[in-house]
Amino acid sequence: MIYIEGGERMSIRTTIEVSGAKQNNLKNVHVEIPRDKLTVITGVSGSGKSSLAFDVIYGEGQRRFLDSISTFAKSRISQLKKAKVDYVRGLSPVIAIEQKKGNNNPRSTVGTVTDINDYMRLLFSTAGVGQCPECGHPLKQLSAAQIAEHIMTLPIGTKVELRAPVYKVFGEDYNYTFHQLREKGYKNLLVDGEAFSLAQKRELDESRDYRIELIIDRFTLKKDSYIQLTKSIEAAMLSLDEDIMIKVEVLGEVNAEFYTGFACPDHHYSLCEMQPFHFSFNTPASSCHTCMGVGMSYVVEPRFLIVAPEKSINQGAFKNTVYSPSSKDSYRTVMMYSLSQKYNFSLDTPFNELPKEIVEILLYGTKGETVEMLQPPFSKKRNWLVGRDRPFPGFVHEFENWYKHYIRRTATSEAFEPSFIKDCMIEKICPECHGARLKPQRLQIKVGGKNFDELSRMQLPKLLEFLEGLHFDADIEDVANTIVREISSRLKLLIDIGLHYINLGRRSDSISGGEMQRIKMSTQISSELMGMLYVMDEPSIGLHPRDSGRVIETMKKLRDIGNTVIVVEHDIETITNADHIIEVGPGPGVHGGQIVAEGKIDDIINSPDSITGKYISGALKIPVPKKRRPLGDLFLSIQGARENNLKNVDLDIPLGVFVCVTGVSGSGKSSLINEILYKQLKINKTGARIVSGEHDFLFGSELINNVINIDQTPIGRNSKSNPATYIGIYDKIRQLFANEPEAIARGYREIDFSLTHANGTRCEHCAGDGIIVTNLQFMADIETICPVCKGMRFSDEGLEIKYRGKNIAEVLEMTVEEAMEFFKDNRYLKHKLGIMNELGLGYICLGQSSTTLSGGEAQRVKLAYELSKIKRGAHNLYILDEPTTGLHLSDIQKLLDCLGRLVEMGHSVIVIEHHLDVIKSADYIIDMGPEGGDGGGYVVAEGTPEQVAKVEASHTGRYLRDVL
Amino acid sequence: MNEKKQAELRVRYQNAIDQFINKIKDDINVIAVILSGSVAYDVIWEKSDVDITIVVRDQKIKSEFLSIVEDDITFNLFLIQRSSFKRGMERAIGGSIWQSYVANGKILYTTDDSLYDFFEDIKKIGDDDISLTALYLACDLISTMQKVEKWIYARNDLLYAQYFLLKTAESIANMELCIRGIPTSRSAIQKAISLNPDIMRFFYQEPLEKLLTREELIDKVKKLDLYIEDKIDIFKKPVLEYLSDQEIKTASMIANHLDSNDHFIITILDYLADKSVIEKAYQPIKLTPKSRLSVEEIGFLYIP
């Protein structure tokens with residue numbers, strides 16, 4: 001209770017009150033959620049949980065909060081639409097932690113996302129110790145002022161020269177490096193101690209390493225030289241971002257004592273003061289010259305240079321940027337013809353029939369051997385090259401040369417546009433920095449004997465141990481220890497939340513959605529904000545049962561600091577640990593949108609309408625299959641899998657059964673199945689232009705017809721794609737409408753009923769979207785119903801065509817359930833719609849835009865599509881990665897039924913999962929681990945669930961014992 | 001101007017300069033004062049300005065150019081920070097305008113003794129720089145020569161052709177200075193006359209003194225071509241150095257490397273290709289990233 005002066009007593013709200021929520025399928029919902037507690041909202045898929053949690057609560061919270069900040073800031077943040085709700089009271093500033101996959105930016109790492117890198121950089125710039133580039137003598141940092149001050153201790157009249165070391169640019173010759181230096185304004189160098197003017201260069205041996213220094217400046221010391229000295233040193237450091245070393249050379253006699261504590265006594269190098277940006281690989285001054293701080297560089301994949309191996313070279317076997325047979329007079333044509341004459345092959349032979357040695361020469365060149373240039377008989381003009389002897393470097397070399405020019409930006413011609421990179425090159429570790437991303441000079445600076453890259457590669461627990469064991473010199477001790485404390489506390493949070501197997505240098509795009517979500521959670525805790533409202537979406541997804549306890553602890557920690565936590569979850573353990581539970585349902589779509597049960601765990605169990613309660617109490621459960629399917633004779637065999645942390649694994653995967661791959665996060669499941677198995681099969685079956693993970697060989701790809709990855713990526717990206725188009729029933733529907741007598745009379749064809757076809761029956765004013773979007777500067781985009789078609793998406797003339805009394809817009813608005821009934825006389829449509837319904841998708845509308853489907857829904861649409869294909873006799877391999885994301889237990893049963901049907905139809909199914917109910921239903925389990933990161937990458941156990949449960953070392957096995 | 005007048009003027013200008021130096025030498029921000037232009041190395045007359053470069057301590061400079069007055073004489077001052085001065089001077093190619101401007105000058109005053117050595121170093125033009133400057137000059141000569149040819153053969157306007165021929169005199173004079181490692185200046189022609197009187201007679205005095213006949217013009221062009229060809233060994237070096245890896249480089253790449261632009265440098269590259277020093281080659285490219293058809297871009301390569 002608080003008191004207002006001279007007024008009434010006001011009570012602080014203890015709940016968030018939502019009233020009249022009608023968003024999506026919510027049926028005028030009224031609910032109260034306790035503040036400062038952990039609340040779980042659960043329900044079957046499509047029941048309206050996310051609408052309640054995200055659209056209503058988060059949306060309203062964000063909107064109200066943004067209302068109060070400046071219009072300028074508002075325009076920078078994309079806003080959610082106003083939710084359809086009467087009012088929401090008791091809100092706090094709200095933060096949503098969703099499962100959005102880490103951004104695809106290769107410059108983003110775990111370190112940058114968590115901001116731990118900022119502190120690491122600060123640590124290195126504060127406490128980093130350098131070493132003399134010649135002998136390794138340790139060097140302390142000195143500021144420009146300190147260096148100048150020290151120089152001023154020399155007698156007046158002394159001649160002092162400032163120099164800096166020069167490093168040859170990786171992959172280029174000396175002239176290139178010299179050209180760069182001259183551009184920067186340095187003309188005078190010393191090569192092995194001898195004067196070398198860039199205006200009068202000598203030949204240098206490219207294969208030799210010279211000791212090269214450049215002369216920055218020369219001073220004759222005077223009384224007031226101090227200021228200019230300081231400025232010169234600073235200016236030099238700015239222009240020479242390569243390096244942070246400076247050499248102070250005294251011309252003439254000097255006391256050896258001068259260099260003590262200041263520079264290397266033998267070579268006179270001093271280390272200049274460093275700044276945090278010196279260790280940032282996203283700063284051009286410090287990033288690796290070759291990869292610009294991305295850590296990856298491109299090399300040519302020879303396979304991609306040849307687009308049509310069945311054609312001959314003259315017919316265009318090579319990609320046309322490599323060799324185009326149409327330019328008859330070019331240098332390439334002459335070369336190609338001359339090569340064919342010298343090495344005795346024909347330009348008209350199909351490429352895949354050419355002998356190996358010829359392909360070698362075309363790709364990798366003649367290795368210095370010269371070829372006499374001959375006049376091709378088909379070219380019109382006499383080429384100037386004819387009669388000369390030229391070596392051929394090979395196409396691979398030529399492309400790599402172009403790439404080198406591209407990144408060096410010495411090329412301005414369009415011949416070197418980046419699209420050839422995508423077409424013919426693949427990513428490989430940068431040959432210069434080997435993934436360290438920083439310039440080599442930066443890696444010479446060490447803290448505790450280790451450089452920045454070494455620390456970025458350490459797994460977090462080891463890093464923590466290392467940092468806590470550091471000792472610093474007295475003068476920087478306080479600052480350094482403060483920094484170490486900050487880093488340590490953040491590391492501890494990440495370790496506590498279960499991310500002990502990752503390292504700071506791990507790229508963000510290699511982290512799963514669940515892991516990214518947990519990283520964000522730990523960052524939030526470290527902010528120690530109070531009075532916030534956190535809304536989260538299935539944070540336990542992707543977590544092995546062994547680790548899911550940690551997430552629950554973290555959420556409780558967030559609550560205990562003084563925040564309200566609302567979580568959308570299906571995980572039984574999380575639900576039982578919550579302070580308050582709300583179940584939305586009872587069914588999906590129109591059958592849901594109501595509060596079925598709320599309260600504590602016992603209230604839920606005792607509530608008669610609650611499906612979740614039944615699963616918790618055990619009244620409903622997913623049964624353990626009575627029989628396991630026996631393994632056949634057919635296997636896929638992977639040999640020598642070494643991608644990421646896999647430890648040279650050999651593995652046999654049985655076909656024709658339901659296989660489940662398990663293991664803790666980071667144990668290597670995704671590397672094995674997605675990177676190696678899926679990609680290699682794709683290459684073997686379709687010749688796809690991708691590169692698979694590192695392994696020796698994959699046997700058995702001839703045993704399957706096709707490999708299909710059913711993942712949670714959206715089924716379409718634009719508003720005009722919808723489940724009907726994806727499944728393929730839209731074509732049929734259009735056909736039915738086009739066959740109506742009225743349509744025939746008007747001359748409508750099938751294509752005219754498509755939303756993507758202009759000048760058909762779609763409304764041209766909104767191009768078939770049904771809405772007009774207006775971008776406003778400071779507010780959320782306004783969507784207005786199209787005034788011409790009133791949201792129908794079709795023109796009035798188009799709507800006049802009716803099939804069995806309904807026009808096409810009405811058909812698209814039907815749910816799958818309704819449509820099943822409507823089209824029951826059409827066998828094709830009935831079959832397809834029936835499968836969608838069985839998978840629990842009965843509530844989605846046929847014309848619903850794909851962008852509104854959740855990941856789980858998209859995955860099931862794809863499953864439905866596969867199941868509905870009527871091909872007989874095909875044997876495909878289906879791979880599913882965590883299909884239980886977003887699924888309630890009752891939906892999981894439907895999923896398992898579906899997967900079972902796929903196997904019955906003769907296909908093979910591999911599922912990567914953590915959910916025990918799915919694992920226990922598999923015919924065969926492959927358990928990876930035992931831990932994540934370096935501690936994983938082995939096959940810990942394989943066999944039926946019963947067999948795996950007996951294996952002591954297997955974490956999965958232990959949990960299985962309780963369930964079987 | 002008679003000698004007496006010249007001597008008087010010199011004294012007057014020298015006094016003005018000394019006065020100016022006295023005013024600023026106690027300013028700790030001033031590190032050096034360099035005198036350039038005609039007052040430094042040439043004959044003065046009443047309307048001469050004094051061109052002075054002042055090197056100051058590293059700091060933010062508000063206005064780099066100032067015109068001040070001393071004894072009714074205009075002093076054009078150029079202020080530059082010490083670091084910028086050092087880097088700028090070392091970057092400047094020997095024989096270029098800026099390098100010549102400073103190199104033809106002299107240090108009047110400095111508080112930093114090491115600048116004397118630096119100044120002497122700037123004056124020297126290394127062989128590589130000579131080659132590069134000769135390259136730009138040759139390019140200029142060739143394109144002017146081609147204009148002379150066009151106006152003789154295609155347009156038959158001999159007077160205009162002669163006008164263009166006369167234009168080559170300045171570049172030829174600069175070339176004569178350049179190959180001897182002497183910085184260029186506005187009195188290049190006068191200097192060149194004393195260095196190579198025959199050449200200057202042929203290309204400067206004769207075209208000035210009389211109207212040339214068609215035959216004479218053609219003869220002069222032939223000799224000009226020979227003159228340029230004679231210098232190939234000097235100015236081919238920067239191009240060959242860049243092409244030394246025996247890979248085709250497009251005209252744009254070469255232009256970029258030599259700090260020039262395509263349209264200018266293509267003249268000299270074509271010339272070198274015609275003389276079989278380098279070879280021409282074509283590379284199919286797209287005009288814009290979205291174009292589908294290709295055009296052939298000109299490139300060059302060097303086969304030793």
Side-chain angles (χ1 to χ4, degrees), chain A residues 157 159-161 173 175 179 181-188 197-201 215-220 222 224-225 227-228 230-232 234-236 238-239 320-321 324 326-327 329-332 384-385 388-391 393 397-398 401 405 409-419, chain B residues 28 31 57-59 81-84 86-94 111-115 117-118 121 124-130 241-242 244-253 255-257 259 262 273 276 279-289 291 294 296-297 299 301 303:
Chain A
K159 281 206 162 88
V160 174
E161 207 170 74
D173 58 13
N175 278 333
H179 189 80
L181 285 175
R182 191 74 190 274
E183 294 265 289
K184 286 196 182 142
Y186 295 98
K187 192 169 82 165
N188 295 317
S197 164
L198 291 185
Q200 185 138 353
K201 301 195 285 284
I215 300 178
I216 301 173
D217 210 343
R218 208 180 272 176
F219 286 91
T220 309
K222 291 227 155 73
D224 54 5
S225 295
I227 297 183
Q228 183 55 50
T230 315
K231 293 244 189 282
S232 281
E234 281 170 353
L238 266 179
S239 78
N320 60 359
T321 34
S324 169
S326 57
S327 45
D329 295 312
S330 71
Y331 155 68
R332 285 260 173 80
W384 47 268
L385 261 183
R388 312 286 296 254
D389 284 334
R390 276 279 285 160
H397 179 86
E398 272 195 23
N401 227 26
H405 286 301
R409 313 251 190 282
T410 55
T412 52
S413 162
E414 283 304 316
F416 313 128
E417 81 216 37
S419 72
Chain B
I28 51 167
I31 297 182
R57 259 204 207 150
D58 283 7
Q59 58 189 281
Q81 290 183 67
R82 188 177 186 279
S83 317
S84 313
K86 283 222 140 178
R87 299 283 77 87
M89 289 315 312
E90 289 192 39
R91 185 187 305 125
I93 304 291
T111 57
D112 186 342
D113 289 334
S114 50
L115 271 184
D117 288 335
F118 183 70
D121 183 60
K124 286 188 249 158
I125 304 181
D127 287 340
D128 292 344
D129 282 4
I130 287 177
E241 190 183 276
Y242 187 56
S244 61
D245 59 1
Q246 297 185 43
E247 305 278 347
I248 299 183
K249 305 260 195 308
T250 65
S252 340
M253 289 165 73
N256 201 17
H257 179 83
D259 251 336
D262 267 54
S276 300
E279 315 280 354
K280 220 176 194 175
Y282 307 112
Q283 200 109 281
I285 60 151
K286 297 188 202 156
L287 270 178
T288 69
S291 309
S294 1
E296 305 269 354
E297 190 184 9
L301 80 149
I303 309 170

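Here is how names work: the chains are called A, B, and so on, in the same order as the sequence lines, proteins then strands, and each is numbered from 1. Side chains are part of it too, since the values below use all heavy atoms of this structure and drop only hydrogens, waters and symmetry mates.
- By the 4.5 Å heavy-atom criterion applied to side chains, B:I130 and A:Q200 are not counted as neighbours.
- Between A:R390 and B:E279 there is no side-chain heavy-atom pair separated by less than 4.5 Å.
- With a 4.5 Å cut-off on non-hydrogen atoms, B:I31 touches chain A through its side chain but not through its backbone.
- One N or O on the side chain of A:R182 and one on the backbone of B:A92 form a donor-acceptor pair closer than 3.5 Å.
- Panel note: side chain A:Q228, backbone B:D58; a donor-acceptor pair is recorded below 3.5 Å.
- Between B:I303 and A:D389, the shortest heavy-atom distance links the atoms CG2-O, 4.3 Å.
- Listed here is the closest heavy atom pair of B:D128 and A:L198: OD2-O, 3.8 Å.
- Although no hydrogens or angles enter the test, the distance criterion places a donor-acceptor pair under 3.5 Å between the side chain of B:R87 and the main chain of A:I216.
- The pair B:D113-A:K159 does not meet the salt-bridge criterion, since no charged nitrogen lies less than 4.0 angstrom from a carboxylate oxygen.
- If you take CG on B:D129 and OG on A:S197, they are separated by 7.0 Å, rounding to the nearest 0.5 Å.
- With respect to the salt-bridge test (charged N to carboxylate O, under 4.0 angstrom), the residues A:K201 and B:E241 qualify.
- When every heavy atom of A:T220 is checked against every heavy atom of B:D112, the shortest pair comes out as N-OD1, 3.8 Å.
- For B:S114 against A:R218, the heavy-atom pair with the smallest separation is OG-O, 2.8 Å.
- For the pair B:R82 and A:S232, the tightest heavy-atom approach, listed with the atom from each and the gap, is NH1-OG, 3.5 Å.
- Between A:K187 and B:K124 the shortest heavy-atom distance is NZ-O, 4.1 Å.
- One N or O on the side chain of A:K222 and one on the backbone of B:T111 form a donor-acceptor pair closer than 3.5 Å.
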Q | Test side chain to side chain contact (heavy atoms under 4.5 Å, CB included) applied to B:D121 and A:N188, step by step | A | CA-CA 10 Å; B:D121 183 60; A:N188 295 317; 3.1 Å; yes
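- Contact annotation: the side chain of A:D224 approaches that of B:R57 to within less than 4.5 Å [non-hydrogen atoms, C-beta and beyond].
- Only the side chain of B:D259 has a heavy atom closer than 4.5 Å to any heavy atom of chain A.
- When the candidates B:M89, B:Q246, B:Q81 are compared by the number of heavy-atom contacts under 4.5 Å with chain A, B:Q246 comes out ahead.
- A distance of 11.0 Å separates CD1 of A:I215 from CZ of B:F118, quoted to the nearest 0.5 Å.
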